[in-house]
Amino acid sequence: MEQGFSERIYQIVKQIPAGKVTTYGQIAAKLGKPKAARAVGNALHVNPYKSVPCHRVVNRKGRVATNFSDGGWQEQKRKLLKEGVRFRNRMCVDLEKHRILNF
DNA sequence: ATATTGACGGGCA
DNA sequence: GTGCCCGCCAATA
């Protein structure tokens with residue numbers, strides 16, 4: 001099966017363990033295109049595959065998606081809290097604690 | 001092929 | 001630490 005831009009993103013996001021998070025930029029970098037962070041976010045937004053834990057992906061400031069595709073940012077937050085991810089405030093996760101370094 | 005859009009990142013105030 | 005501007009990429013309202 002040929003791997004399109006979006007499909008590669010799903011493969012990577014699926015590897016994120018519960019309780020951990022990563023950023024759009026890191027996924028883009030893993031694709032070999034560090035400048036495509038934006039396109040990454042778009043791909044995840046358009047493809048709400050439930051098998052993909054897209055709620056574990058946040059932006060560089062640790063902020064959750066403003067227009068999350070399944071219940072809004074509040075829903076994304078709830079899923080993360082359930083996995084043990086700590087929040088620094090209403091919309092930002094504690095990146096320092098949960099960000100995956102070798103990814 | 002061109003223009004518009006959007007779950008973004010870096011750099012600077 | 002946060003917020004704004006600009007640049008980048010892929011999909012297409």
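Since this is a predicted model, take the numbers as computed values, not measurements. Lettering follows sequence order; numbering is per chain, from 1.
The interatomic distance linking A:L95 (CG) with B:dG9 (C1') rounds to 13 Å, in whole Å. Distance, A:F68 CZ to B:dG6 C1': 16 Å, rounded to whole Å. Remark: P of B:dC8 and NZ of A:K30 are 21 Å apart, rounded to the nearest angstrom. In this structure, CE of A:M91 is placed 10 Å from P of B:dC8, rounded to the nearest angstrom.
Within 4.0 Å (heavy atoms only), A:S69 reaches at least one base atom of the nucleic acid.
Here the closest heavy-atom approach between residue A:F103 and residue A:I16 is recorded as CZ-CG1, 4.0 Å. Looking at every heavy atom in both residues, A:S69 comes nearest to A:P48 through CB-CB, 4.4 Å.
Between A:R56 and A:E83 there is a salt bridge, since a side-chain N of the basic residue sits under 4.0 Å from a carboxylate O of the acidic one.
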How would nucleotides 3-13 of chain C be written as a contact map, 5' to 3', with B for base contact, S for sugar-phosphate-only contact and - for no contact, using protein heavy atoms under 4.0 Å? BB--BBBSS--
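The side chain of A:N59 contributes no N or O atom lying less than 4.0 Å from OP1 or OP2 of B:dA7.
Nucleotide C:dC9 forms a pair with B:dG6, judged by Watson-Crick or G-U wobble geometry with both contacts under 3.5 Å.
No side-chain donor-acceptor contact under 3.5 Å links A:E75 to the backbone of A:F68.
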Evaluate the side chain to side chain contact (heavy atoms under 4.5 Å, CB included) criterion for residues A:R90 and A:W73: first the C-alpha distance (whole Å), next the side-chain angles of each, then the deciding distance (0.1 Å), finally the verdict. CA-CA 10 Å; A:R90 202 118 175 249; A:W73 66 270; 3.7 Å; yes
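For A:K30, the NZ atom sits in a loose shell: 12 or fewer heavy atoms of surrounding residues, nucleotides or ligands are nearer than 6.0 Å.
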